[in-house]
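Here the structure comes first, spelled out in structure tokens, and everything after it is commentary.
Start at 1 with the first residue, then count along the sequence.
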Amino acid sequence: MSFFSRWRSRAWHEESVPVPPAPPCEDLSSERQRFLKQRFLRQITRESVSAPSPVRPVRPGRRRLTALVAAPTLLVAAVAAVTGLTGVFRGSAADHHEAVRLLDRIALVAAERPARTVRDEQYVYTKIKGSWPVSDEGTDVFVREEWTAVDGARNGLARQVFEPGSPSLDSRRPDGKTVLDKDSTMTTYRELEALPTDPGALLEKIEKDTEGQGPAHGQAVFEAIAEMLPQSTLRPELNAALYRATARIPGVVVRQGAIDAAGRYGIGLAFHTDGDDVVWVFDKDRLTYLGTNKVALLDVGIADATDQRPLSR
């Protein structure tokens, strides 16, 4: 996930270190601020208590999705395939139709990528760049690498490096490493692999899993899908199905001139509300997923061991 709400609510494992309060924002309602704070807390990993690092790295959450047998359905025009999702949508039907056309192009590109054979003893490797405000001290800007077991049966590893000027720079471990405990509440690569690849069945599963979440259900579904995009790039059929499922969410619109958290320009997609939008960013020419305006995806692949980068893509 996220790189992508699901994967269940979780608290910091180090109770002695308080959660940094979100900075005030005049443009967001109190309801929206509470929702964003809760999402951030849900996206924090349960890291090894034995690790001496006082710094809590940010980890993109992954929502546990119960296996669902895909029912054969026809992929109809997304504008007509209106689900029960609701939200505050200020765009027009033409705005959404533009997003549907873009998502169709992105799905076609995603489906053409070669599939990989992945072994249980291997690790999913992700590298992200993001930032997080630290009270009134400023903002931490970091690059984070993670290795998580394909089958979820072993501990993983994270390495987080802060950029100069980050308030947490001097409090980190010298090597930036933290053990990631295996966690039954986290969706594994194998569980992601078992999800239906029919867009209708996939969307139905995600809708059910996110029921009651967020100020708008459509927004919760959109953000839950975002959490799955990094790892799903390794599964072309699922990756394409996620984009086609997104096309069925009323309120998804195109954002021109989008910029990811690493400063890369591209074309964006967002669930349009009156609040702070999470924008998916894609390379404008190749239509590859770059991450979001909150967290940039720098790399993803399969490694044979922790602390080892993928040898091939």
Side-chain angles (χ1 to χ4, degrees), residues 1-7 62-87 89 91 93-116 187 189-211 213-214 216-255 267-272 278-282 287-289 292:
M1 243 149 251
S2 322
F3 247 234
F4 184 282
S5 83
R6 163 292 263 198
W7 281 254
R62 292 192 302 277
R63 182 178 317 277
R64 173 167 297 283
L65 298 173
T66 307
L68 176 72
V69 178
T73 61
L74 295 176
L75 177 59
V76 298
V79 175
V82 177
T83 68
L85 301 177
T86 60
F89 178 42
D95 292 332
H96 181 62
H97 190 59
E98 180 186 14
V100 170
R101 292 196 302 269
L102 176 60
L103 282 160
D104 183 60
R105 292 169 55 209
I106 292 171
L108 289 173
V109 171
E112 291 175 355
R113 296 192 187 100
R116 297 196 48 164
T187 292
Y189 178 84
R190 288 296 183 224
E191 291 171 322
L192 197 67
E193 192 176 48
L195 290 174
T197 54
D198 173 86
L202 181 59
L203 180 60
E204 181 182 352
K205 180 69 198 76
I206 299 170
E207 286 179 333
K208 185 178 299 184
D209 191 71
T210 57
E211 187 174 358
Q213 296 182 16
H217 191 197
Q219 184 174 1
V221 172
F222 182 82
E223 294 181 8
I225 291 174
E227 292 171 356
M228 289 182 273
L229 293 181
Q231 285 200 28
S232 75
T233 60
L234 302 172
R235 303 294 307 172
E237 192 176 6
L238 174 62
N239 197 221
L242 285 169
Y243 292 128
R244 291 184 171 119
T246 302
R248 299 182 175 208
I249 304 174
V252 176
V253 295
V254 174
R255 288 290 167 81
I267 188 166
L269 286 163
F271 182 86
H272 185 57
V278 173
V279 181
W280 303 355
V281 185
F282 299 84
L287 297 180
T288 51
Y289 180 66
T292 74

Residue pair Arg113 / Thr288, side-chain heavy-atom distance below 4.5 Å: yes

Ring pair (Phe, Tyr, Trp, His ring centres under 6.0 Å) contacts touching residues 221-251 (sequence neighbours left out): Phe222-Trp280, Tyr243-Phe282

Gap between atom CG of Leu195 and atom OG1 of Thr187 - 0.5 Å precision: 7.5 Å

Residues that Val254 engages under side-chain contact (heavy atoms from CB on, under 4.5 Å), provided they are two or more places apart: Glu98, Ala99, Leu102, Gln256, Ile267, Leu269

Beyond-backbone contact of Arg255 with His272, side-chain heavy atoms, under 4.5 angstrom: yes

Interatomic distance, Ile225 atom CD1 to Thr246 atom OG1 [nearest 0.5 angstrom]: 3.5 Å

Value rounded to 0.5 Å, distance of CG in Leu238 from CG in Leu202: 6.5 Å

Minimum side-chain heavy-atom gap Ile249-Leu203 below 4.5 Å: yes

Side-chain touch Asp95/Val253, heavy atoms, less than 4.5 angstrom: yes

Taking every non-hydrogen atom, the tightest pair across Phe271 and Ala216: CE2-CB, 4.2 Å

Test item: His96 side-chain N/O and Pro250 main-chain N/O as donor-acceptor pair under 3.5 Å: no

All side-chain contact (heavy atoms from CB on, under 4.5 Å) counterparts of Glu193, not counting sequence neighbours: Tyr189, Arg190, Arg235

Nearest-0.5 Å distance that lies between atom CD in Glu207 and atom CZ in Arg248: 10.0 Å

Smallest separation among heavy atoms of Pro199 and Ala245, with atom names: O-CB, 3.7 Å

Euclidean distance, Gln231 CD relative to Asn239 CG, rounded to 0.5 Å: 11.5 Å

Atom pair NZ/CG of Lys205 and Asp198 - distance to nearest 0.5 Å: 14.5 Å

